[in-house]
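Report on the following structure.
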Amino acid sequence: MTMGTRVYLARLAGLPVFDPNGDRVGRVRDAVVRLRTTNRPPQVVGLVAEMALRRRIFLPIGRITGMDAESVVLGTGSLNLRRFEKRPNELLVLEDLLDRRVVVEPEQPGGQEHHGIVLDIGMELNRNTEWAVTRVAVREHTGRLTRRGHVYQVEFDRVRSLIGPTDTQGTSNLIALLEQMRPADMANALQDLPDARRNEVAVALDDRRLADVLEELPEHDQVEILVRLDRERAADVLERMDPDDAADLLAELPKTEQAVLLDLMEPEEAAPVRQLMSYRPGTAGSVMTSEPVILTPDATVAEALARIREPELSPVVAAQVFVARAPSATPTGKYLGMVHFQRLLREPPSSIVGGLVDSGIEPLRPDIGLPEITRRMATYDLVAMPVVDSTHRLLGAVTVDDVLDHSLPRDWRDRDAHDDEETP
């Protein structure tokens, strides 16, 4: 694999990084440029890659032998695994330069200058074998809501305000790059941004995407972002979170604020959250999801498969359907049993799920603690278990990710809390 003499850095974001043996090391998350005291353009000194356990490391540009639209390849398998930290004279392209509002000087004296927004940064290999910032891709700022400015490239030395205070920086292009990531990776990327930048990006996300990302952030970051929203929007975002995650987040707020936000939520969205918050912490009732896939016994296998194919379902929720008498919303009628998706795949589409249920697994009661839940799930190799009340009505299901979330240390999502940990 080779690389050209000009590379646009934002296009590298998210690409896999491979060592000389073809083994994947991680993914590109940003590029590092070093400012110089002379008028020379900034030097690109390396990339930031994210490895396992969300550790970000620095990859010197001299160790990279190939960059294209598919991947980045290293010339060595020997890496410094120390967590990356930005130095005072360094900037990150995506974090610090993307979305900057800049002024482009005219090409000829006496010409008109233009205002624009930075879309990408181009680097080139010079005669000293250094990669330097030489080009900037800019979208013209028209000042009109109905007209999008055209995109053009200019030499770095014609761009003013690229390096300077962050109050000239927007969010749209960074969001476009982040939205290509999974919610967990996006949440991880947000943790690397300065607080003000992170909050701006979070607020600019749509409600669904913000809800997904909040579920993956440490609790203190969740709270900080949520309290910066106006209360009506905060309630909208909570409605789009899984009820158990919304309940956990609300539990971090003062009682008065909990009450206000719950009152602003739609009653049918707030009801399961209120119910989950009524259970004692650390019990099945407090960690369960109140929205598993529930079918009545007369539903067909075809209907069951259609339900678990719904894209908004997480893999652990879609791994099985729970069968209960009507009504199908929790709390349901009498709980009958569960059917794993592998069983559904082996049966004719016209078969009735009521004839396929596994009723041999004893359901959980809402007051059972996490150690007992963990023991039962491990004993039966389950990814989810039903939770029923004293009248055998289905209240929800505890999934393996619920158990992990509440069994790991409270700060397990917080990257700053693990800076000194060793990477295996």
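Remember, it's a predicted structure, so these values are computed and weren't measured experimentally.
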Between [X] (side chain only) and [Y] (backbone N and O only), is there a donor and an acceptor less than 3.5 Å apart?
| X | Y | result |
| --- | --- | --- |
| E239 | E266 | yes |
| T332 | L394 | yes |
| R233 | V203 | yes |
| Q258 | L253 | yes |
| R393 | T330 | no |

Can you name the residues that form a salt bridge (Lys or Arg N to Asp or Glu O under 4.0 Å) with [X], not counting sequence neighbours?
| X | value |
| --- | --- |
| E310 | R307 |
| R375 | E372 |
| R135 | E155 |
| R240 | none |

>> Evaluate E105 against R160 for salt bridge (Lys or Arg N to Asp or Glu O under 4.0 Å), listing each step before the verdict.
In response: CA-CA 7 Å; E105 296 178 344; R160 299 201 316 265; 3.4 Å; yes

Are [X] and [Y] close enough that some pair of their side-chain heavy atoms sits under 4.5 Å apart?
| X | Y | answer |
| --- | --- | --- |
| V17 | L74 | yes |
| Q153 | Y8 | yes |
| D244 | V287 | no |
| V387 | Y279 | no |

Heavy atoms of other groups near R24 CZ, more than 12 under 6.0 Å:
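More than 12 heavy atoms, drawn from other residues, nucleotides or ligands, come within 6.0 Å of this atom.
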
(Q) Can you pull out every side-chain hydrogen bond (donor to acceptor under 3.5 Å, both in side chains) where at least one residue sits in residues 355-368? Sequence neighbours excluded, please. (A)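 Those involving residues 355-368 do not exist here.
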
Heavy-atom closest pair, residues E224 and N199:
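Closest heavy-atom pair between E224 and N199: OE2-ND2, 3.2 Å.
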
Parallel, tilted or perpendicular: which describes the rings of H114 and Y152, with under 30° parallel and over 60° perpendicular?
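Judged by the thresholds at 30° and 60°, the geometry between H114 and Y152 is perpendicular.
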
Sequence neighbours excluded, every pair satisfying salt bridge (Lys or Arg N to Asp or Glu O under 4.0 Å) that has a member inside residues 331-340: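 Sorted pair list comes back empty.
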
Practice item. Could you point out which residue of L217, D212, L205 forms a side chain to side chain contact (heavy atoms under 4.5 Å, CB included) with M186? Key: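 Of the listed residues L217, D212, L205, the side chain to side chain contact (heavy atoms under 4.5 Å, CB included) partner of M186 is L205.
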
Picking from V237, L238, V273, L261, what satisfies side chain to side chain contact (heavy atoms under 4.5 Å, CB included) with L249?
->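 Only one of V237, L238, V273, L261 forms a side chain to side chain contact (heavy atoms under 4.5 Å, CB included) with L249, namely L238.
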
Does the pair D19 and R63 meet the rule for a salt bridge (Lys or Arg N to Asp or Glu O under 4.0 Å), with working shown? CA-CA 10 Å; D19 68 12; R63 301 279 185 95; over 6 Å; no

- Kindly determine whether R198 and D221 satisfy salt bridge (Lys or Arg N to Asp or Glu O under 4.0 Å), including the steps that lead there. CA-CA 10 Å; R198 180 200 61 205; D221 286 335; 3.0 Å; yes

Report task. For a side chain to side chain donor-acceptor pair (under 3.5 Å) with E50, tell me which candidate from R27, R56, R55 qualifies. Result ->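 Among R27, R56, R55, the one that satisfies the side chain to side chain donor-acceptor pair (under 3.5 Å) with E50 is R56.
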
